[in-house]
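Quick one: this structure, given as C-alpha cells, is what I'll be asking you about.
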Amino acid sequence: MKLLVTGGAGYIGSVVTAQLLAADHEVVVVDDMSTGHADAVPAGATLVQGTLRSSARPVLDGGGFDAVLHFAAKSLVGESVQQPGLYWDKNLGETLALLDAMRISGVSRIVFSSTAATYGEPESTPIMETDPTRPTNPYGASKLAIDTCLTSFAALHGLGAVSLRYFNVAGACGPYGERHAVETHLIPNVLAVARGARESVSLFGDDYPTPDGTCIRDYIHVADLAAAHLLALGSCRPGTHEIYNLGSGDGSSVAEVVGVCRAVTGHPIPVVTSPRRTGDPAVLVASSAKIQAALGWKPSRDLHAMVADAWAFLQ
Ligand code: UDP
C-alpha cells in the first residue's frame, strides 16, 4: 500500500514506519519537525517537512495514497494545561485539516494514535473501551475530540477509521527510540541516571493506595504497539470507526520499574521520593481483550525487554 505517516520523525511514528517498510509498503512521512528528528525517519521513506495544514493537501492530492497513519501531535500533559490553545490547534485543528485533505483526495482509511488520557481517572480497572471518557487535561480532551470526529466522519463520509488508545509506551527498536527534548516519562528518566546524565530520579508519590505505595501503569513495548498498527490498517472498513486499547493488561509500579532498570543496567539508580505529580491516577491498566479478539494482536515483550531495548538504544 502507499501510506502517509504523519509524525513519522517521532518516537512511535518512526518505529511504525520501519515496520511498514519492512512489510513492503511505500511510506511518505509528513512531519513539522517541532519535536521529531530527520535522522529518525527510516531510510526508504520520503520525508516532507511541513504542518498538516500546509502539506496534507499537496501531498495527498493525486498521490494515489491508500491510507494514513496519524501520529503527529503535541503530547505533553503539563504543557497542555499551560497552553491549551496550542493543543486544540495542533491536535484537533491540524487533524481537521488532514481529514479534509483525505476527503477531497479520496483517501478513506486512517489509523489514529489515541491515548489512555481520553479516559481520565478510571472508575474500575482494567479499563475497557466502553468505560466513560472524562479526560482531566487538554491533551486527553483534544485526543478524545479527534476520536469523536472520526466517528462522525465515518458515519457521514464513509471513512474507515481505527483509533488505538495507547497506555505507557516504552522500549526501542534498534536505532529507533525515545529522544525527547523535554523528557517527562519514567523509563527514560530512570535510564538517564544510569547513563550519568542525572544524579537521581524523582519518585512522584509513595503513598498511593497500591501494594508498594507507588503508581501502577501498563507498559507496552513500542514494537508490539507498532505491530498493532499494521493489523489495524488491514482492518479499516468504510463507514466504521473502531476504538481499541493497547496495553499489556498487566500493571507495574514505579518502584518495580526502577528495580528492573537497576537489574538491566547494573547501576544503583538513586531515587528521591517527591510529592505526587498533579493529576496522576493511582492505577492505569488497559483491558486489551477487544483488540486481541478482533485482530488477534498480542503483546510479546515484557518490561525487562522494554528496559533492555531502551538501554541499548541510549547507548
Ligand atoms: N514518574 C516518576 N518519576 C518520573 C517520571 C514519572 O515517578 O521522573 C511516575 C509518574 O508519576 C507515573 C509513572 O511514573 O506514576 C508513569 O509516568 P509517565 O510520565 O512515564 O507516564 P504517564 O502514566 O504519566 O503517561
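Atoms within a ligand are numbered from 1 in the order they appear, just like the ligands themselves.
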With heavy atoms only and a cut-off of under 4.0 Å, state how Leu186 meets ligand 1: side chain, backbone, both or neither.
-> both
Could you find the nearest protein heavy atom to atom 7 (O) of ligand 1 and give me its residue, atom name and distance?
-> Phe204 N, 2.9 Å
Basic-acidic side-chain contact under 4.0 Å: Asp147, Arg165 = yes
May I have the step-by-step check of salt bridge (charged side-chain N to carboxylate O under 4.0 Å, His left out) for Arg53 and Asp89, ending in yes or no?
-> CA-CA 11 Å; Arg53 277 199 187 89; Asp89 178 52; 2.6 Å; yes
Leu284, portion touching ligand 1 at heavy-atom distance under 4.0 Å = neither
Is the shortest side-chain N to carboxylate O distance from Asp280 to Arg217 below 4.0 Å?
-> yes
Whether His229 and Phe71 hold their rings parallel, tilted or perpendicular, with breakpoints at 30° and 60° = tilted
Heavy-atom nearest neighbour in the protein, as seen from atom 11 (O) of ligand 1, with distance rounded to 0.1 Å | Asp280 OD2, 2.5 Å
Please report which non-hydrogen protein atom sits nearest to atom 3 (N) of ligand 1, along with the residue it belongs to and the distance in Å to one decimal place.
-> Ser202 O, 2.7 Å
Residues Lys298, Asp224: salt bridge by 4.0 Å N-O rule | no
Counting heavy atoms only, name the option from Arg198, Arg217, Arg277 that's nearest to atom 17 (O) of ligand 1.
-> Arg277
With a cut-off of under 6.0 Å to the ring centre and 45° to the axis, is Arg134 in cation-pi contact with Tyr119?
-> no
Give a yes or no on whether Glu199 atom CD has more than 12 heavy-atom contacts from other residues, nucleotides or ligands under 6.0 Å away.
-> no
Of the protein's non-hydrogen atoms, which lies at the shortest distance from atom 8 (O) of ligand 1, and what is that distance?
-> Asn189 ND2, 3.1 Å
Check ligand 1 against Tyr219 and write out every atom of the ligand that is under 4.0 Å from a heavy-atom position of the residue.
-> 16 (C)
For atom 13 (C) of ligand 1, the closest protein heavy atom turns out to be Val254 CG2, 3.8 Å
Less than 4.0 Å between a side-chain N and a carboxylate O, is that true for Lys90 and Asp32?
-> yes
For ligand 1, which atoms, with element, lie under 4.0 Å from some heavy atom of Leu203?
-> 7 (O)
Nearest-neighbour protein heavy atom for atom 22 (P) of ligand 1, which is reported as residue plus atom name and distance | Asn168 ND2, 3.5 Å
Out of curiosity, Thr95 OG1 to Lys143 NZ, how far, rounded to the nearest 0.5 Å?
-> 7.0 Å
Would you mind finding which of Ser200, Cys215, Ala255, Ala282 brings a heavy atom closest to atom 15 (O) of ligand 1?
-> Cys215
Whether Tyr208 lies under 4.0 Å from ligand 1, heavy atom | no
For atom 5 (C) of ligand 1, closest protein heavy-atom neighbour = Thr184 O, 3.3 Å
Under 4.0 Å between heavy atoms, the region of Ala117 that gets near ligand 1 turns out to be neither
Determine, for Asp39 against Arg179, whether the closest basic-nitrogen to carboxylate-oxygen distance falls under 4.0 angstrom.
-> yes
